[in-house]
Undergrad: 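A single structure is presented below for examination.
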Amino acid sequence: MKKLLASLALCALPLLAHAAPVVEMTTNKGVIEITLDSAKAPKTVANFVSYAKAGFYNGTVFHRIIDGFMIQGGGFDGKLEQKKTNAPIPNEAANGLKNSIGTIAMARTADPNSATAQFFINVANNEFLDYKNPSPQGIGYAVFGKVSKGMDVVNRIAKTHTGSMKGMDDVPFEPIVIQKVVVKP
């Protein structure tokens, strides 16, 4: 019996090694749990996990909120000062994942390969952000996971009153703070 249990445990190890990473994002509005898809977006997930493990996201804010579209964060501190990031990562938007409600994707500039630390959580089905083709206009935004718990928190954040601050639009008047992001064991 002990040999059988030991064999079963050894067989389960490869499955555990490929288990999708889960992060817990604690905000001043509640906790959001996100299951990351390292099978379809390995470089993007590794990048996000690296920032999370380094404590980079702790104390950042959701700085851009558009109800009916998305909530964006991960790049600015509570004073709306942009944090220094690592080098950009390649865009993995051609992975088959869609910008649907509850998915998390990388924010970027007009340069398709400019994503660093900023991300957004979709609060609507945003098909226009999906990969269509490899051109700069069609490459889309790389989805790399989905909210597995706490979508009510995301929706509450999306309802926050916003306006213009420090030259940016859609900034919440009440700071929405990402207190910490922890990769669950």
Side-chain angles (χ1 to χ4, degrees), residues 14-27 29-54 56-57 60 62-76 85-158 170 176 178 181-185:
L15 295 175
L16 293 174
H18 295 297
V22 175
V23 296
E24 189 174 85
M25 183 178 292
T26 303
T27 75
K29 294 294 182 184
V31 177
I32 304 165
E33 181 183 275
I34 304 164
T35 301
L36 305 177
D37 194 332
S38 53
K40 292 193 175 180
K43 292 176 183 164
T44 308
V45 168
N47 177 67
F48 185 83
V49 166
S50 173
Y51 279 112
K53 285 184 174 180
F56 179 90
Y57 292 122
T60 61
F62 281 100
H63 66 277
R64 184 171 175 235
I65 296 174
I66 304 173
D67 191 22
F69 178 34
M70 58 86 225
I71 63 173
Q72 181 176 339
F76 291 84
T85 61
N86 298 328
I89 59 170
N91 189 318
E92 292 184 305
N95 61 21
L97 299 174
K98 305 293 182 196
N99 282 279
S100 56
I101 294 172
T103 57
I104 185 170
M106 291 304 294
R108 60 173 177 80
T109 67
D111 175 354
N113 296 300
S114 62
T116 55
Q118 289 187 41
F119 59 86
F120 60 92
I121 300 173
N122 290 290
V123 296
N125 291 323
N126 295 313
E127 296 90 4
F128 69 98
L129 299 177
D130 293 340
Y131 177 86
K132 291 163 195 57
N133 60 58
S135 74
Q137 298 78 25
I139 197 161
Y141 292 75
V143 173
F144 64 100
K146 188 167 178 68
V147 173
S148 40
K149 289 181 189 168
M151 197 59 197
D152 58 323
V153 175
V154 172
N155 288 326
R156 261 197 318 277
I157 292 170
D170 308 307
I176 309 298
I178 300 169
V181 176
V182 176
V183 180
K184 293 175 88 173

Undergrad: Can you confirm whether more than 12 heavy atoms, excluding those of Lys132, are under 6.0 Å from its NZ atom?
TA: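 Counting neighbours around NZ of Lys132, more than 12 heavy atoms of other residues, nucleotides or ligands fall under 6.0 Å, so yes.
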
Undergrad: Is the shortest heavy-atom distance from the side chain of Met25 to the side chain of Phe119 under 4.5 Å?
TA: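 Contact flag for Met25/Phe119 side chains = yes.
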
Undergrad: Is the backbone of Asn99 close enough, under 3.5 Å, to the side chain of Asp130 for a donor and an acceptor to pair up by distance?
TA: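 It does hold such a pair.
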
Undergrad: Asp37 side chain to Lys40 main-chain N or O, any donor-acceptor pair under 3.5 Å?
TA: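 Pair found, side chain donor or acceptor close to backbone of Lys40.
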
Undergrad: NZ/Lys98 to CG/Asn126 distance, rounded to the nearest 0.5 angstrom?
TA: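 Atom-to-atom, Lys98:NZ and Asn126:CG are 13.0 Å apart.
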
Undergrad: Where is the tightest heavy-atom contact between Val123 and Ala158, given as atom of each residue plus distance?
TA: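 Nearest heavy atoms, Val123 then Ala158: CG1-CB, 4.1 Å.
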
Undergrad: For Ala52 versus Val183, what's the shortest heavy-atom pair and its separation?
TA: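 Closest approach of Ala52 to Val183: CB-CG2, 4.1 Å.
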
Undergrad: Assign the ring pair Phe48 / Phe144 to parallel, tilted or perpendicular, where the plane angle (0 to 90°) is split at 30° and 60°.
TA: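 Phe48 vs Phe144 ring planes: tilted.
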
Undergrad: Taking all non-hydrogen atoms of both residues into account, name the closest pair between Ala93 and Gly140 and its distance.
TA: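 Where Ala93 meets Gly140 most closely, the heavy atoms are CB-C, 3.9 Å.
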
Undergrad: Check the orientation of Tyr57 and Tyr51. Use parallel for under 30°, tilted for 30 to 60°, and perpendicular for over 60°.
TA: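 Tilted, since the angle between the ring planes falls between 30° and 60°.
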
Undergrad: Keeping the roles fixed (side chain from Arg108, backbone from Gln118), state whether a donor-acceptor pair exists under 3.5 Å.
TA: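 Judged by distance alone, no pair lies under 3.5 Å.
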
Undergrad: CD1/Ile178 to NE2/His63 distance, rounded to the nearest 0.5 angstrom?
TA: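 Those atoms lie 9.5 Å apart.
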
Undergrad: Does any N or O in the side chain of Asn125 come within less than 3.5 Å of the main-chain N or O of Ile101, such that one atom is a donor and the other an acceptor?
TA: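 Yes; at least one donor-acceptor contact below 3.5 Å.
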
Undergrad: For a 4.5 angstrom cut-off between non-hydrogen side-chain atoms, does Phe69 reach Asp170?
TA: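 Counting from C-beta outward, Phe69 and Asp170 never come under 4.5 Å.
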
Undergrad: Measure across Met106 and Ala115 and return the closest heavy-atom pair with its distance rounded to 0.1 Å.
TA: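 Minimum heavy-atom contact is CB-CB, 3.8 Å.
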
Undergrad: Do Ser114 side-chain atoms and Thr109 backbone N/O form a donor-acceptor pair below 3.5 Å?
TA: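 Answer holds: yes.
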
Undergrad: Locate the shortest heavy-atom distance separating Val153 from Lys29; write the atom from each residue and the value.
TA: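 Reported closest heavy-atom pair: CG1-O, 3.7 Å.
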
Undergrad: State whether the side chain of Asn47 and the backbone N or O of Thr116 hold a donor-acceptor pair below 3.5 Å, judged by distance alone.
TA: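 Checking the backbone N and O of Thr116 against the side chain of Asn47, a donor-acceptor pair under 3.5 Å is found.
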
Undergrad: Would you say the side-chain atoms of Ser135 and Asn133 include a donor-acceptor pair closer than 3.5 Å?
TA: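 Ser135 vs Asn133: donor-acceptor pair found between side chains.
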
Undergrad: In the structure I gave you, are the side-chain heavy atoms of Ile157 and Thr27 within less than 4.5 Å of one another anywhere?
TA: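 The answer is yes; the side chains approach within 4.5 Å.
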
Undergrad: Which value, rounded to the nearest 0.5 Å, describes the distance between Leu129 atom CG and Ile139 atom CD1?
TA: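 So the CG of Leu129 and the CD1 of Ile139 are separated by 13.0 Å.
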
Undergrad: Would you give the length of the straight line joining atom CD1 of Ile121 to atom CD1 of Ile32, rounded to the nearest 0.5 angstrom?
TA: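 Here the rounded value is 4.5 Å.
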
Undergrad: Would you tell me whether Asn113 and Asn91 have side-chain atoms, one donor and one acceptor, within less than 3.5 Å of each other?
TA: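 Not at all, the side chains of Asn113 and Asn91 share no donor-acceptor pair under 3.5 Å.
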
Undergrad: Verify, without hydrogens or angle tests, whether Glu33 (side chain) and Val22 (backbone) share a donor-acceptor contact under 3.5 angstrom.
TA: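 A pair under 3.5 Å: no.
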
Undergrad: Please give me the minimum heavy-atom distance between Ser38 and Pro21, naming the atom from each residue.
TA: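 Nearest pair, atom of Ser38 first, then Pro21: OG-CD, 3.6 Å.
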
Undergrad: NZ of Lys146 to CG of Leu36: how many Å apart, nearest 0.5 Å?
TA: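 These two atoms lie 13.0 Å from each other.
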
Undergrad: Between atom CD1 of Ile71 and atom CZ of Arg64, what is the distance when rounded to the nearest 0.5 Å?
TA: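 Rounded to the nearest 0.5 Å, the CD1-CZ separation comes to 12.5 Å.
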
